[in-house]
Amino acid sequence: MELLDDKMRVWVESSKYVKPAPGVYVLYNRNKDPIYIGETDNLETTFTKYYDTDFEGNECKQKTSLYQRVFAENPKEMQSQLIENFKKETGNIPVCNSEIKIETH
């Protein structure tokens, strides 16, 4: 289930070589199930940190095998909309998003 228009990419070291721009990203497990929808003001910094620290001991995100990312002027708004759409479609939010509070309308 792909959530963004970006192609699905393998989570490898090259994932940290993206532009330092704001954006939204989706992390997927090896079954291509979305496990986390995130937003950041700097994709390069976020992805480098995730890769270099192996998701800082976050066992949920450590299941990441694939990802998608898009640049966005208002990443927080886009993230909220993606999570809301995912919830409407599946009845749930991505498993790794459940640890954070999401405001939906």
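Given the structure is predicted, the values throughout are model-derived calculations rather than measurements.
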Enquirer: Leu82 and Leu3: which non-hydrogen atoms are nearest, and at how many Å?
Expert: CD2-O, 3.7 Å
Enquirer: What is the distance from atom CD1 of Ile37 to atom CE of Met78, rounded to the nearest 0.5 Å?
Expert: 10.0 Å
Enquirer: Taking the side chain from Thr46 and the backbone from Leu43, do they hold a donor-acceptor pair closer than 3.5 Å?
Expert: no
Enquirer: Taking the six-membered ring of Tyr50 as reference, does the NZ or CZ atom of Lys61 fall below 6.0 Å from its centre and within a 45° cone about the axis?
Expert: no
Enquirer: Is the closest basic N to carboxylate O distance between Lys49 and Glu56 below 4.0 Å?
Expert: yes
Enquirer: Looking at Glu77, I want to see if its CD is surrounded by more than 12 non-hydrogen atoms of other residues, nucleotides or ligands under 6.0 Å.
Expert: no
Enquirer: Just verifying a value: how many Å separate Arg9 CZ and Leu66 CG, rounded to the nearest 0.5 Å?
Expert: 11.5 Å
Enquirer: I'd like to check the side chain to side chain contact (heavy atoms under 4.5 Å, CB included) partners of Asp33; sequence neighbours left out, ordered by chain and number.
Expert: Asn29, Asn31
Enquirer: Out of curiosity, does Val12 fall in the hydrophobic cluster containing Val26 (side-chain heavy atoms, cut-off under 4.5 Å, transitive links)?
Expert: yes
Enquirer: What heavy-atom pair brings Ile93 and Phe86 nearest, and what distance separates the two atoms?
Expert: C-CE2, 3.7 Å
Enquirer: What pair of heavy atoms forms the shortest contact from Phe71 to Ala21, and how long is it?
Expert: CD2-CB, 3.6 Å
Enquirer: We want to know whether Gln68 and Tyr28 form a side-chain donor-acceptor pair, criterion being a heavy-atom distance below 3.5 angstrom.
Expert: yes
Enquirer: If you measure from SG on Cys96 to NZ on Lys63, what distance do you get to the nearest 0.5 Å?
Expert: 7.0 Å
Enquirer: Which heavy atom in Ile35 sits nearest to a heavy atom in Cys60, and how many Å separate them?
Expert: CD1-O, 3.7 Å
Enquirer: Working to the nearest 0.5 Å, report the span between NZ of Lys7 and CZ of Arg69.
Expert: 8.5 Å
Enquirer: Could you tell me the separation between the OH atom of Tyr67 and the CG atom of Asp6, rounded to the nearest 0.5 Å?
Expert: 7.5 Å
Enquirer: If the condition is side chain to side chain contact (heavy atoms under 4.5 Å, CB included), which residues does Asp41 pass it with, not counting sequence neighbours?
Expert: Pro75
Enquirer: If hydrophobic clusters are built by linking Ile, Leu, Val, Met, Phe, Trp and Tyr wherever their side-chain heavy atoms come under 4.5 Å apart, do Val10 and Met8 end up in the same one?
Expert: yes
Enquirer: Do Asn58 and Gln62 meet the criterion of a side-chain donor-acceptor pair at a distance under 3.5 Å?
Expert: no
Enquirer: Once the angle between the rings of Tyr25 and Tyr36 is folded into 0 to 90°, is it parallel (under 30°), tilted (30 to 60°) or perpendicular (over 60°)?
Expert: tilted
Enquirer: What residues form a side chain to side chain contact (heavy atoms under 4.5 Å, CB included) with Lys16, not counting sequence neighbours?
Expert: Glu13, Thr48, Tyr51, Asp52
Enquirer: Quick one: pull up CD in Gln79 and CG in Asn74 and give me the separation to the nearest 0.5 Å.
Expert: 10.5 Å
